Amino acid sequence: MSTLPLDAEGGVFAAVDIGASSGRVILGRVSRDGVALETVHRFPNGVVERDGGLRWDFDALFAEVLAGLRAAAAAAAARGEKIASVGIDTWAVDYGLVDSAGNLVAQPYSYRDDRSRTAVAPVHAKLDPARLYQTTGLQFLQFNTIYQLATEKDLDGLQALLIPDLIAFLLTGVRRTEATNASTTGLFDAVAGEWATEFFATLGLRKDLFPPLIQPGETVGTLLPDIAGQVDLPPETPVVAVGSHDTASAVVAVPAVADGGRGENFAYISSGTWSLVGLELKHPVLTGASREANFTNERGVDGTIRYLRNVGGLWLLSECQRTWAGEGFQPDLAALLTAAAALPVGGPRINADDPYFIAPDNMPGRIRAAVRRTGEVLADDPAAITRCIMDSLAAGYARTITTAERLANREVDVVHVVGGGSQNTLLCQLTANATGRPVVAGPVEATALGNVLVQARAAGAVDGGLAELRRIVATGTSLDRYQPLVAARQGCVN
């Protein structure tokens, strides 16, 4: 996050940024020299068991969005400012079903629910996986939207809105599907940048099941009068499409120009609940080798391709902390990471992106069981389990970057870690060691920064392409740098 003292000459923008475990509403004040972020509202998020499955409590989530926008309006008014627009980003693949009157017919399922597992084989019986990949370029994950939709019983008269689009619809009354998130559904043509309508027909889905596409930077609509009154904003306040897939927004804010101007030769790790590890490309990689390696080609802002893999994430650690807290042990995170860093190198590792770890339940026990299956033993000790998680993530990052270089015929000079994981000094140093490349850590709030900058460009407060937006981030953000060290040493090199 920028720490520069900035005026608001470029505009003030509200970013609704919601992850799988928490959400926030942030005010971004933009000037020619950077972006200053102010978090005005934070709230928890998580799955709940309801109606026979794991679902999102969307009603509560939307109430928090409204509370956050009210807080944003109040914070802006206190400084004599006017909010220029609102942008929304969340996680991918999940959706809500809305009827013709605009009513949400049920709380949306979470991708962590196991219902879509049984739909994989029937979908593949109709659509060969190789053909799916050649069209969509999408990494196989059993919870991709295409498999979730295959479990639905009756979609007549309903439309599917991905979570950020559902929020935008309830704010504006306008139904659209933002393109970066559409690219995660398994129903999007990676080359054409349009819906793969032949797949809808093959699966017996209506071609208008999703609303029309909208690109980042385009206006969805303005606030409904009733919503405007609830949040104390003018009804003419626009809701602007951003990279509504949170990773798409985060990649906008990768400060790649900070390294000698060679910003094109970078790998990124958007590190949070999940780790999204990959490259930014101009064209998708749709080869058989890419499919076998399970890489995905998702849309980025300005028509770029986010060529990446999911590599587990800090969900592993947060779930361990939840289990330990339930057992009466609540270690300080910083102390836990320090104790983990002091342990010898070469300890046991797990496959951090194994689907075995997706569902919540006794994560320490599952990690130790996974280690036992490799023939090793992991102590029932929080520091040892934490070190196993960090070593496993770093190894997964290195393996993924090396594979991406080979498949995309690119060389990586520097690795950028953005998001919450950029604050984890142990993870960043282990990543530098494992990849053999310098790591630049930050910004923490990359997703919100990318969200705000796309809004600011749409409003004319800033201009230029991604390189210019990234220059603004690099100029206004404090970054930490890590050099590859011998394995026995840890630390931050500033």
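Here the structure is a predicted model, which is why all the values come from computation and not from measurement. Along the sequence shown, residues are numbered consecutively beginning with 1.
- One side chain, Y307 or S290, offers a donor N or O that lies under 3.5 Å from an acceptor on the other.
- In summary, R373 and D354 do not engage in a salt bridge, as defined by a charged side-chain N under 4.0 Å from a carboxylate O.
- The two atoms that bring I269 and T431 nearest to each other are CD1-CG2, 3.9 Å, heavy atoms only.
- Defined by atom type and a distance below 3.5 Å, a donor-acceptor pair is missing between the side-chain atoms of D113 and Q148.
- Side-chain rings of Y147 and F140 approach one another, their centers coming within less than 6.0 Å.
- Side-chain atoms of Y95 and T145 include no donor-acceptor pair closer than 3.5 Å.
- T177 places none of its side-chain heavy atoms less than 4.5 Å from the side chain of F188.
- By the 4.5 Å heavy-atom criterion applied to side chains, L162 and F210 are counted as neighbours.
- Contact annotation: the side chain of W274 never approaches that of W91 to less than 4.5 Å [non-hydrogen atoms, C-beta and beyond].
- In summary, the side chains of D480 and Q423 do not present any donor paired with an acceptor at a separation below 3.5 Å, with no hydrogens or angles considered.
- You'll find the side chain of L308 reaches within 4.5 Å of the side chain of Y268, heavy atoms only.
- Between V65 and V25, the closest side-chain pair of non-hydrogen atoms is not below 4.5 Å.
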